[in-house]
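Beneath this line is the structure, given in structure tokens, with notes to follow.
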Amino acid sequence: MSDTKKNFSLTTYDIAFIGLLIALEFVLKSYLQISTPISKIGFGFLPIAVAARRYPIGIPVFVAVAGDLLGYFVVNFGQAFCYGITLTAALTAVCTSLFIHKEVSVKRIIAYVLINNIVGSFLMNTFWLHFQFGIPYGGLIVPRAIQAGVMIVVESIVVITLLTKGDNLINRSFRR
């Protein structure tokens, strides 16, 4: 085993905190958002960003996927399950973690927000909505482009504020 590889273990506190992040992600994505059948604007990215900052890459992915699945099974509203949207949630959590786990800067935050919203939300989720539900691209492009534009601004401001200004507060409040 390599000397550079750190052993990672979760404490009881970590498990409880991760559960809290999953619950928060579920509430933010399911109830506290502006939602249409093809577009959603909300704050479900916050627990993923906190998890990505505090834990190795697998934990934010777990939070994103668990929150997405919990949202589907608890508040389904009669829609079919779209595995592609869950895959996108996992991949955007990976991207978030790669950019902000070790180092936080405004450039890194803006880079991950742009990638997640353009590639993940706009391109991938638009494809999944078309593929899974047969919604024509013509009806998806404009509302999803507006959603991506709004979310780039909102997510950038909120995450920059939270992780650059509030990182010390988070670390003091949620010590391990």
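Index from 1, following the sequence. We use all heavy atoms of the structure for the numbers below, so side chains are in, but hydrogens, waters and symmetry mates are not. In this text the structure is predicted, and so the values were computed from the model without any measurement.
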How far does [atom1] of [X] sit from [atom2] of [Y], to the nearest 0.5 angstrom?
X: N125; Y: L140; atom1: CG; atom2: CG; value: 10.5 Å
X: L32; Y: F43; atom1: CG; atom2: CZ; value: 9.0 Å
X: I59; Y: L10; atom1: CD1; atom2: CG; value: 5.0 Å
X: T11; Y: F17; atom1: OG1; atom2: CZ; value: 11.0 Å
X: S121; Y: I115; atom1: OG; atom2: CD1; value: 14.0 Å
X: I110; Y: I152; atom1: CD1; atom2: CD1; value: 10.5 Å

Do you know which two heavy atoms are closest between [X] and [Y], and how far apart they sit?
X: V113; Y: E155; value: CG2-CG, 3.8 Å
X: Q147; Y: K40; value: NE2-O, 2.8 Å
X: K29; Y: D68; value: NZ-OD1, 4.2 Å
X: Q33; Y: L28; value: CB-O, 4.0 Å
X: P60; Y: P56; value: CD-O, 2.8 Å
X: R144; Y: T126; value: NE-OG1, 3.0 Å

Side-chain touch [X]/[Y], heavy atoms, less than 4.5 angstrom:
X: T164; Y: I109; value: yes
X: V63; Y: Y55; value: no
X: N117; Y: F122; value: no
X: V153; Y: I157; value: yes

Quiz item: Between Y83 and W128, is the gap from one ring center to the other below 6.0 Å?
Solution: yes
Practice problem: Measure from the side-chain N and O atoms of S97 to the backbone N and O of A93, and report whether any donor-acceptor pair falls under 3.5 Å. | Solution: no
Practice problem: Answer yes or no: is there a donor N or O on one side and an acceptor on the other, between the side chain of R108 and the main chain of I100, under 3.5 Å? | Solution: no
Quiz item: What do the steps show when you test Y31 against F26 for side-chain contact (heavy atoms from CB on, under 4.5 Å), and what is the final call?
Solution: CA-CA 8 Å; Y31 297 108; F26 162 71; 3.9 Å; yes
Quiz item: Can you name the residues that form a side chain to side chain donor-acceptor pair (under 3.5 Å) with S156, not counting sequence neighbours?
Solution: none
Quiz item: Passes side-chain contact (heavy atoms from CB on, under 4.5 Å), Y112 versus V159? Steps please.
Solution: CA-CA 11 Å; Y112 102 74; V159 174; 3.4 Å; yes
Practice problem: Verify the distance criterion only: is there a donor paired with an acceptor across the side chains of T96 and N116 at less than 3.5 Å? | Solution: yes
Quiz prompt | Candidate pair L91 and V61, rule side-chain contact (heavy atoms from CB on, under 4.5 Å), full reasoning | solution = CA-CA 8 Å; L91 292 175; V61 171; over 6 Å; no
Quiz prompt | More than 12 heavy atoms from other groups under 6.0 Å of CZ on F131 | solution = no
Self-check item: V158/F45 under side-chain contact (heavy atoms from CB on, under 4.5 Å): CA gap, chis, key distance, verdict
Solution: CA-CA 10 Å; V158 171; F45 59 85; 3.9 Å; yes
